[in-house]
Q: 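Quick one: the structure is below, and I'll ask about it shortly.
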Amino acid sequence: MWKWKVSVAALSVALTIAGFMLSAKTSSLTALDYIEIQQLANRYGQAIDTCSNNGYDYADLYTPDGVFIDKFSAESFKKGGVILAQGREKLAEVVGGGSFGCKRPVKGPTATPGDGPVAWNGWSHLAVDHVITPSAEGATGRVYLLMLGVQGPGSITRDGGYEDVYVKTAAGWRIKSRTHVRTRAWHNPLLQTPDLN
């Protein structure tokens, strides 16, 4: 009888260890993973600010079905978030590239390509305090967004932040979804305001 108890105990320990090993394998990131994900945030700012490669450098930071969600603007915040772009072509266009040729309609959705300059021409997007967390899907991230020049030369404005889902693809780490959130979205509830600004 004691042999049976020892066998059950040994099997239980072995299964527990195997479970921990499997869990660690699916939910851990290497140092290289962290660096590659951080590079997405770094390349993001440069790609969006310069409309490089007609917006496709920005779009290629995402998975082919990647999505950019707005929970920052007043109307989108009221709706709980609105998808602004999904897929490579729409992502290139949302930064003024693609069919807009690095010019974006400034008179609303009925404007035609070439109606005006990209809205943030001369601004700089800075992603700071990037926190990356392993997840079953790959990783998630949060990053503050600072904008230079929005309120004039030399100005610095906190423009909320981004909540990201990252996945590792054959082409490397990519953004599966990026949600632009308001400044106080991550604050302690006691410090939040109803509009999260």
Side-chain angles (χ1 to χ4, degrees), residues 27 29 37-38 40-45 47-49 51 55-56 58-100 104-111 115-116 118-120 123-148 150-151 155-169 173-197:
S27 65
L29 299 171
I37 292 169
Q38 287 172 336
L40 288 174
N42 295 341
R43 292 192 335 246
Y44 183 94
I48 198 171
D49 291 338
C51 197
Y56 292 106
Y58 169 83
D60 290 340
L61 297 173
Y62 290 81
T63 59
D65 63 344
V67 61
F68 181 79
I69 301 165
D70 174 23
K71 284 177 87 173
F72 185 84
S73 69
E75 189 171 323
S76 295
F77 180 77
K78 286 181 201 172
K79 294 178 180 178
V82 171
I83 294 175
L84 290 186
Q86 183 167 18
R88 188 171 190 259
E89 290 302 317
K90 294 297 183 189
L91 286 163
E93 288 177 356
V94 83
V95 298
S99 66
F100 296 117
R104 185 172 180 182
V106 291
K107 299 175 184 148
T110 60
D115 276 356
V118 175
W120 43 82
W123 301 355
S124 295
H125 291 69
L126 299 179
V128 299
D129 294 342
H130 197 182
V131 176
I132 302 164
T133 306
S135 72
E137 191 171 14
T140 59
R142 287 182 175 179
V143 62
Y144 293 150
L145 175 60
L146 301 180
M147 297 292 292
L148 303 180
V150 173
Q151 297 175 348
S155 69
I156 301 174
T157 307
R158 168 88 187 275
D159 202 25
Y162 295 125
E163 292 180 347
D164 297 334
V165 175
Y166 310 109
V167 294
K168 194 163 192 176
T169 71
W173 284 95
R174 294 292 182 263
I175 301 168
K176 182 172 182 164
S177 71
R178 172 160 270 195
T179 303
H180 188 190
V181 298
R182 291 188 163 194
T183 299
R184 293 188 180 162
W186 308 318
H187 282 54
N188 179 308
L190 297 174
L191 302 174
Q192 289 181 341
T193 56
D195 68 358
L196 296 180
N197 270 329

Q: Under the 3.5 angstrom rule, does the side chain of R174 hit a backbone N or O of D60 as a donor-acceptor pair?
A: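 Confirmed, R174 side chain pairs with D60 backbone.
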Q: Fit a plane to each ring of Y162 and F68, take the angle between them on a 0 to 90° scale, and name the class: parallel (under 30°), tilted (30 to 60°) or perpendicular (over 60°).
A: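 Judged by the thresholds at 30° and 60°, the geometry between Y162 and F68 is perpendicular.
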Q: Determine whether T140 and E163 satisfy the following criterion, side chain to side chain donor-acceptor pair (under 3.5 Å), listing intermediate values before the conclusion.
A: CA-CA 7 Å; T140 59; E163 292 180 347; over 6 Å; no
Q: Considering non-hydrogen atoms only, spot the tightest contact between G55 and V95 and give its length.
A: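 Where G55 meets V95 most closely, the heavy atoms are CA-CG2, 3.9 Å.
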Q: Rounded to the nearest 0.5 Å, what separation is found between the CG atom of L84 and the NZ atom of K90?
A: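 Here the rounded value is 12.0 Å.
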Q: Using the rule given for side chain to side chain donor-acceptor pair (under 3.5 Å), can you reason through Y166 versus D164, listing the C-alpha separation, both sets of side-chain angles and the distance that settles it, and then say yes or no?
A: CA-CA 6 Å; Y166 310 109; D164 297 334; 2.6 Å; yes
Q: If you round to the nearest 0.5 Å, how far is CZ of R142 from CG of D129?
A: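 Between atom CG of D129 and atom CZ of R142 there are 12.5 Å.
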Q: Taking atom OG of S155 and atom CE of M147, what is their separation to the nearest 0.5 Å?
A: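 Here the interatomic distance stands at 9.0 Å.
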Q: Considering all heavy atoms of both residues, which atom of A92 and which atom of A59 are nearest to each other, and what is their separation?
A: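 Heavy atoms of A92 and A59 come nearest at N-CB, 3.8 Å.
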Q: So, for G96 and C51, which heavy atoms are closest and what is the spacing to 0.1 Å?
A: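 Closest heavy-atom pair between G96 and C51: C-SG, 4.1 Å.
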Q: What are the two closest heavy atoms between I132 and A139, and how far apart are they?
A: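 Closest approach of I132 to A139: CG2-CB, 4.1 Å.
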Q: List for me each residue that meets ring-ring contact (aromatic ring centres under 6.0 Å, His included) alongside Y62, sequence neighbours excluded, and say none if there are none.
A: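 By the ring-ring contact (aromatic ring centres under 6.0 Å, His included) rule, Y62 matches Y58.
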Q: At their closest point, which heavy atom of I37 faces which heavy atom of H130, and how far apart are they?
A: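 Here I37 and H130 meet closest at O-CE1, 3.8 Å.
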Q: Could you give me the CA-CA distance, side-chain angles and deciding distance for K78 and E75, then say whether salt bridge (charged side-chain N to carboxylate O under 4.0 Å, His left out) is met?
A: CA-CA 5 Å; K78 286 181 201 172; E75 189 171 323; over 6 Å; no
Q: To the nearest 0.5 Å, what is the distance between CG (L40) and CD1 (I175)?
A: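 L40 atom CG to I175 atom CD1 measures 5.0 Å (nearest 0.5 Å).
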Q: Check the pair D65, V67 against side chain to side chain contact (heavy atoms under 4.5 Å, CB included), reporting the backbone distance first and the verdict last.
A: CA-CA 7 Å; D65 63 344; V67 61; over 6 Å; no
Q: As an exercise, state the distance from CG of L61 to OH of Y56, rounded to the nearest 0.5 Å.
A: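 Rounded to the nearest 0.5 Å, the CG-OH separation comes to 14.5 Å.
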Q: The criterion is salt bridge (charged side-chain N to carboxylate O under 4.0 Å, His left out); which residues satisfy it with K168, sequence neighbours excluded?
A: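 D33.
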Q: So if I apply the side chain to side chain contact (heavy atoms under 4.5 Å, CB included) rule between F72 and each of D159, V82, L145, V181, which one comes out positive?
A: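 Looking at D159, V82, L145, V181, the match for F72 under the side chain to side chain contact (heavy atoms under 4.5 Å, CB included) is D159.
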Q: Who passes side-chain contact (heavy atoms from CB on, under 4.5 Å) against L148, sequence neighbours left out?
A: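 Result, side-chain contact (heavy atoms from CB on, under 4.5 Å) vs L148: S124, L126, I156.
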Q: Measure across L91 and G66 and return the closest heavy-atom pair with its distance rounded to 0.1 Å.
A: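 Reported closest heavy-atom pair: CD1-O, 3.7 Å.
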